[in-house]
Amino acid sequence: MSENSEATDAPSGSTAPQGTAAGPQPEPLRFFGTTWVERDGGYGLRRVGVTAGSLAAAVASCFVLRFAYQGLEIAEVGGLIGMLVVGMFSVCSAIAFRKTWDGFVRRPADPSREESLRGLKSIGFIGSLLAYFVRSLTEAPGEKLRRTEYETAVARYTKRRSARTGNPAARKGAKAKRTGRK
């Protein structure tokens, strides 16, 4: 969420000097941009596309992993290695699914830890694709988190702007105090 600090003194509804609207700006989502705010601009079609695309990518990835496993069978590396490979992809996919799903719900508490899990999430890419698929059935992945942050920022901005409007010296109470002092 970004707040336009240069436009904080501009009247509500006006534009900042750079041509951007005053106040907080919505954070774009991958594949959706900022269409999630008003759910316009082809939002529904994009959701259908993301849902179908992530499912198709997950299915294609499963076929690729199957071909890789068949390559291990052809190489006759042994049953233990085959089980380790299947186990590794299963565990990494489960962890990647969970971490991707958590990323849609809340911001990571420790970004350096998330960075260290990037390799594990790359190995478990099928889990990430499936999390993306399941989440896109109900909303744009990450929309709920970003919408909450955006609405909170807009409410804070509106409250801050309404608290500073007008000249405090020109208020009724200020005149009464000045006249009482003479």
Side-chain angles (χ1 to χ4, degrees), residues 1-65 89-90 92-163 165:
M1 190 61 42
S2 65
E3 290 192 29
N4 191 347
S5 60
E6 294 178 14
T8 55
D9 294 332
S12 180
S14 71
T15 58
Q18 301 98 357
T20 60
Q25 300 298 314
E27 195 173 334
L29 290 174
R30 182 181 298 152
F31 304 121
F32 294 92
T34 57
T35 61
W36 59 268
V37 177
E38 299 294 328
R39 294 189 172 182
D40 59 354
Y43 173 82
L45 290 175
R46 289 177 192 220
R47 257 198 43 214
V48 168
V50 165
T51 303
S54 59
L55 182 61
V59 169
S61 300
C62 288
F63 279 120
V64 169
L65 287 179
F89 276 107
S90 300
C92 289
S93 289
I95 293 171
F97 181 92
R98 185 66 196 168
K99 289 296 180 180
T100 303
W101 191 267
D102 285 345
F104 297 146
V105 178
R106 71 182 76 76
R107 298 279 182 177
D110 187 10
S112 62
R113 179 177 162 92
E114 289 296 316
E115 185 67 29
S116 67
L117 291 174
R118 179 176 278 178
L120 188 128
K121 287 171 74 175
S122 297
I123 293 170
F125 60 97
I126 293 176
S128 292
L129 289 170
L130 290 176
Y132 216 79
F133 166 72
V134 172
R135 192 60 172 205
S136 65
L137 290 172
T138 58
E139 66 177 7
E143 178 183 347
K144 184 176 182 180
L145 171 67
R146 303 276 167 72
R147 186 173 300 282
T148 303
E149 291 174 347
Y150 178 64
E151 288 173 353
T152 302
V154 167
R156 263 195 328 245
Y157 177 78
T158 305
K159 182 178 178 184
R160 190 172 65 235
R161 291 295 301 153
S162 66
T165 57

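Since this is a predicted model, take the numbers as computed values, not measurements.
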Using the ring of each side chain (for Trp, its six-membered ring), is Phe104 parallel, tilted or perpendicular to Trp101, with breaks at 30° and 60°?
-> perpendicular
Are any of the side-chain heavy atoms of Glu114 and Asp110 separated by less than 4.5 Å?
-> no
Can Arg47 and Phe32 be said to form a side chain to side chain contact (heavy atoms under 4.5 Å, CB included), step by step?
-> CA-CA 8 Å; Arg47 257 198 43 214; Phe32 294 92; 3.6 Å; yes
Does Arg147 reach the main-chain N or O of Val37 with its side chain, forming a donor-acceptor pair under 3.5 Å?
-> yes
For the pair Thr138 (side chain) and Arg135 (backbone), establish whether a donor and an acceptor sit closer than 3.5 Å, ignoring hydrogens and angles.
-> yes
Side chain to side chain contact (heavy atoms under 4.5 Å, CB included) assessment of Ile123 paired with Phe89 = CA-CA 7 Å; Ile123 293 170; Phe89 276 107; 3.9 Å; yes
Taking all heavy atoms of Val50 and all of Ser136, pick out the closest pair and write down the distance.
-> CG1-CB, 4.0 Å
For Arg156 and Lys159, what are the C-alpha separation, side-chain angles and deciding distance, and is it a side chain to side chain contact (heavy atoms under 4.5 Å, CB included)?
-> CA-CA 5 Å; Arg156 263 195 328 245; Lys159 182 178 178 184; 5.8 Å; no
Pair Arg46-Phe31, side chain to side chain contact (heavy atoms under 4.5 Å, CB included): steps then yes or no = CA-CA 7 Å; Arg46 289 177 192 220; Phe31 304 121; 5.9 Å; no
Give the intermediate values and the outcome of salt bridge (charged side-chain N to carboxylate O under 4.0 Å, His left out) for residues Arg107 and Glu27.
-> CA-CA 13 Å; Arg107 298 279 182 177; Glu27 195 173 334; 2.9 Å; yes
Hey, is the main chain of Pro108 close enough, under 3.5 Å, to the side chain of Arg113 for a donor-acceptor pair?
-> no
Does Arg39 pair with Glu143 as a salt bridge, N-O distance under 4.0 Å?
-> yes
